[in-house]
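Below is one structure, written out as structure tokens; the observations come after it.
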Amino acid sequence: MRRPEQNLYDTLKRNKPKGCLIMRVENETQPGMPDVFLQFKDTGLNCWVELKVATVPAKLDTRLLKKDAFQKSQPGWHLQYTAHGGRSVILIRDDKKNLYVVPGHHIERIKELSYYQMTTRYRVGDWAEAFETMGEDE
């Protein structure tokens with residue numbers, strides 16, 4: 001049986017726009033490195049993507065992500081990579097199929113945000129908007 005993040009990857013792949021290269025990375029030598037690498041042919045931009053699956057909480061003021069949603073090394077990886085000009089995001093899909101695209105340098109902030117705050121700041125409407133957001137040049 002596939003894990004929820006593997007299913008999210010499958011859905012990401014099925015919904016990719018033309019001209020987008022997607023590579024799943026299983027890396028045990030670089031702690032904290034994200035799950036997926038994207039490259040957009042038209043713009044030449046690339047983006048590392050950390051996949052997360054969440055359950056919508058019963059209350060709007062409850063966190064969407066659990067406190068232990070990230071490995072210890074993941075925040076440091078995202079912060080260091082983006083500080084050097086790289087682009088990374090956390091792509092979250094909840095159990096109601098809502099999508100959230102969070103810039104990698106916001107990784108520390110989102111651990112504390114409520115479901116309502118995540119929805120108002122980072123929710124995107126569909127897969128096309130998710131890829132557009134991931135492929136934007138900040």
Side-chain angles (χ1 to χ4, degrees):
M1 183 173 207
R2 292 180 67 75
R3 294 187 330 242
E5 288 179 2
Q6 291 170 319
N7 290 329
L8 176 54
Y9 172 73
D10 294 341
T11 306
L12 177 78
K13 231 170 56 169
R14 278 194 307 274
N15 286 281
K16 78 175 183 74
K18 188 176 180 180
C20 179
L21 173 68
I22 296 181
M23 290 187 275
R24 177 120 172 133
V25 178
E26 294 294 335
N27 189 338
E28 295 180 16
T29 60
Q30 180 61 49
M33 183 177 263
D35 305 305
V36 178
F37 179 78
L38 302 180
Q39 185 164 37
F40 296 89
K41 185 176 183 180
D42 294 345
T43 62
L45 294 174
N46 58 54
C47 180
W48 282 97
V49 182
E50 179 61 38
L51 303 174
K52 293 294 175 192
V53 176
T55 301
V56 172
K59 296 180 181 181
L60 288 175
D61 62 348
T62 302
R63 280 192 295 278
L64 178 62
L65 293 176
K66 295 177 182 177
K67 276 200 175 263
D68 63 350
F70 298 103
Q71 299 168 8
K72 261 171 110 170
S73 56
Q74 287 177 314
W77 190 97
H78 284 274
L79 294 172
Q80 182 178 27
Y81 185 72
T82 57
H84 284 83
R87 176 141 176 82
S88 72
V89 300
I90 297 92
L91 174 66
I92 305 164
R93 185 175 66 179
D94 67 30
D95 57 337
K96 297 196 186 297
K97 307 288 189 230
N98 296 311
L99 295 169
Y100 310 81
V101 178
V102 181
H105 63 276
H106 291 187
I107 192 167
E108 290 288 357
R109 293 182 210 163
I110 65 169
K111 293 190 289 186
E112 301 301 323
L113 294 182
S114 70
Y115 171 61
Y116 174 77
Q117 292 168 319
M118 287 291 292
T119 299
T120 58
R121 295 179 191 180
Y122 301 112
R123 185 173 167 194
V124 294
D126 57 19
W127 281 104
E129 187 178 354
F131 275 100
E132 184 179 314
T133 304
M134 290 185 282
E136 288 176 347
D137 191 10
E138 286 188 315

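Among all heavy-atom pairs drawn from Phe40 and Gly135, the shortest one is CE1-CA, 3.4 Å.
Checking side-chain atoms of Glu129 against main-chain N and O of Gly125 turns up a donor-acceptor pair under 3.5 Å. Here the side chain of Ser114 pairs no donor or acceptor atom with the backbone of Asp61 at under 3.5 angstrom. Arg87 places a side-chain N or O within 3.5 Å of a backbone atom of Glu136 that can act as its donor or acceptor partner.
Looking only at side-chain heavy atoms (C-beta outward), Lys111 and Pro75 come within less than 4.5 Å of each other. A heavy-atom distance below 4.5 Å is found between the side chains of Ile22 and Leu12. You'll find the side chain of Glu112 reaches within 4.5 Å of the side chain of Lys67, heavy atoms only. Looking at Gln6 and Arg24, their side chains come closer than 4.5 Å, going by heavy atoms from C-beta outward. At a threshold of 4.5 Å between non-hydrogen side-chain atoms, the residues Trp77 and Ser88 count as touching. Contact annotation: the side chain of Lys52 approaches that of Glu5 to within less than 4.5 Å [non-hydrogen atoms, C-beta and beyond]. For the pair Arg109 and Arg121, the minimum side-chain heavy-atom distance is 4.5 Å or more.
Hydrophobic clustering, defined by side-chain heavy atoms of Ile, Leu, Val, Met, Phe, Trp and Tyr closer than 4.5 Å, groups Leu60 together with Val56, Leu64, Leu65, Phe70, Leu79, Ile90, Ile92, Tyr100, Val102, Ile107, Ile110, Leu113, Tyr115, Tyr116, Met118, Tyr122.
A distance of 11.0 Å separates CZ in Arg63 from CD in Gln117, rounded to the nearest 0.5 Å. In this structure, NZ on Lys13 lies 13.0 Å from CE on Met23, to the nearest 0.5 angstrom. Taking CD from Glu132 and CG from Asp126, the interatomic distance works out to 9.0 Å, rounded to the nearest 0.5 Å. Between atom CE of residue Met134 and atom NZ of residue Lys16 there is a gap of 12.0 Å, rounded to the nearest 0.5 Å. Atom CD of Gln74 is separated from atom CD of Glu50 by 4.0 Å, given to the nearest 0.5 angstrom. Atom CG of Leu99 is separated from atom OG1 of Thr11 by 9.0 Å, given to the nearest 0.5 angstrom.
Leu91 and Val124 fall within the same hydrophobic cluster, defined by Ile, Leu, Val, Met, Phe, Trp and Tyr side-chain heavy atoms under 4.5 Å apart, directly or through other members. Cluster annotation: Val89 and Val53 are assigned to the same hydrophobic cluster (Ile/Leu/Val/Met/Phe/Trp/Tyr, side-chain heavy-atom contacts under 4.5 Å, transitive).
Phe131 and Trp127 have tilted rings, their planes meeting at an angle from 30° to 60° on a 0 to 90° scale.
Within the structure, no pair that satisfies the salt bridge (Lys or Arg N to Asp or Glu O under 4.0 Å) test touches residues 32-42, not counting sequence neighbours.
Remark: Asn7 pairs with no residue by the side chain to side chain donor-acceptor pair (under 3.5 Å) rule, at least two apart or across chains.
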